[in-house]
Amino acid sequence: MRSKVNINALQNKVNLSEKITMLTCYDYPMALLEEKAGIDIILVGDSMAMTVLGEETTLGMDLDTMVTHAKAVRKGAPTAYLVGDMPYMTYQISKKEAIRNASRFMAEAGCDAVKLEGGSNMADTVEAMVKATIPVMGHLGLTPQSMAQLGGFKSQGRDCAGALKIIEDARILEEAGISLLLLEAIPPEVGKIVTERANIPVIGIGAGPYVHGQLMIVHDALGFFDAFTPKFVKKYVNLNSIILDALESYKNDVVGEQYPEDGHNYNFMNGELEKLLRQA
Ligand SMILES: Nc1nc(=O)c2c([nH]1)NC[C@@H]1CN(c3ccc(C(=O)N[C@@H](CCC(=O)O)C(=O)O)cc3)CN21
Ligand SMILES: CC(C)C(=O)C(=O)O
Ligand SMILES: [Mg+2]
């Protein structure tokens, strides 16, 4: 087993200019594989609402479900740096609720940190959570929980004012005590400026090549999600077509009576069948 990935190990990679790898994960079998592949950071994302539960937004995700899945992911990935994604309205209402809700990811699921969306508006909350022993990952740019205000899933920071706001928010969040920062769907140049000024690991998802590491939604990387494809997605395999082939083969086997075969059957213990046939 590799040694546990902690925040120092991640900072070491940054210092050595080694890229950090991050993927989402929502269940135990995928966690086993991501751990085996040596992925540094695993995010149990509220994107699970869309990739696993078929919702059109992330807003309906609830904390109990997130904690349940984070627990399963931790079982499959004991050494990855595990981040739990705080669902909509579990941290926006009060610092007290934010701390109590975040603590469940830490205590029940064994997460290493929690992630929350927002900039300067979240600085006080981040400070309170860090004081309460909870490491926090910030998330700027396209923040899906604000989609009603952003006007949908739209890339961000593409004008001067928008870019300046992201750069300033990154500074304020770092000052408030975040341990890591995620940048989503922004121009590479904005990612570069934020990364150069940061003293913490900066991970991008559609934030260009200059950040310290890359995140992708695992269902996107595997071709296991078809509803839409963000521009930054690279599909490494088309799992949908592989799985569909297998499902159709199974169906054809059953309909064509090719399954089950002899080896799939449970046989009687010695002499018992003859006994049954005499008595039945
Ligand atoms: N499967 C999946 N992958 C993701 O990366 C992802 C989710 N789900 N769900 C939550 C958010 C939404 N994401 C998105 C969605 C769209 C763009 C995008 O590139 N949007 C276009 C505009 C599309 C429009 O105008 O409606 C853009 O150019 O900004 C980026 C990230 C990222 N996240
Ligand atoms: C899209 C990423 C950044 C996320 O927050 C999630 O997977 O929920
Ligand atoms: Mg999320």
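Whatever order the structure lists them in is the order used to number ligands and atoms, beginning at 1. A quick note: this is a predicted structure, and the numbers were derived from the prediction, not measured.
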Give yes if a backbone or side-chain nitrogen or oxygen of [X] is under 3.5 Å from a nitrogen or oxygen of ligand 2, and no if not.
X      : result
Ser47  : yes
Asp85  : yes
Lys115 : yes

Quiz item: Does the distance from a Lys or Arg side-chain N to an Asp or Glu carboxylate O, for Lys115 and Asp46, drop under 4.0 Å?
Solution: no
Quiz item: Is the distance from the Mg ion (ligand 3) to the nearest N/O/S atom of Glu117 under 2.8 Å?
Solution: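 It does not: Glu117 brings no N, O or S atom closer than 2.8 Å to the Mg ion (ligand 3).
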Exercise. Anything under 30° is parallel, anything over 60° is perpendicular, the rest tilted; go ahead and classify Phe224 against His219.
Key: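 The rings of Phe224 and His219 lie parallel, inter-plane angle below 30°.
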At less than 4.0 angstrom from any non-hydrogen atom of [X], what atoms of ligand 1 do you find?
X      : value
Lys154 : 24 (C), 25 (O), 26 (O), 29 (O)
Met50  : 9 (N), 10 (C)
Ser155 : 27 (C), 28 (O), 29 (O)

Quiz item: At a 4.0 Å threshold, what atoms of ligand 2 neighbour a non-hydrogen atom of Thr24?
Solution: 7 (O)
Quiz item: Gly45 heavy atoms, cut-off 4.0 Å: which ligand 2 atoms fall inside?
Solution: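 So the atoms of ligand 2 that pass are 6 (C), 7 (O), 8 (O).
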Exercise. Report yes or no: does Pro144 have a heavy atom closer than 4.0 Å to ligand 1?
Key: yes
Self-check item: Short N or O distance, Asp220 and ligand 1, threshold 3.5 Å exclusive
Solution: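 N/O-N/O distance below 3.5 Å exists for this pair.
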Exercise. Pick one of side chain, backbone, both or neither for how Phe225 approaches ligand 1, counting any non-hydrogen atom pair under 4.0 Å.
Key: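 Answer for Phe225: side chain.
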Quiz prompt | Shared hydrophobic cluster, Met50 / Leu23 (ILVMFWY, side-chain heavy atoms < 4.5 Å) | solution =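 Result: no, two separate clusters.
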Exercise. Provide, to 0.1 Å, the distance between atom 3 (C) of ligand 2 and the closest protein heavy atom, together with that atom's residue and name.
Key: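 Among all protein heavy atoms, the one nearest atom 3 (C) of ligand 2 is Leu182 CD2, 3.2 Å.
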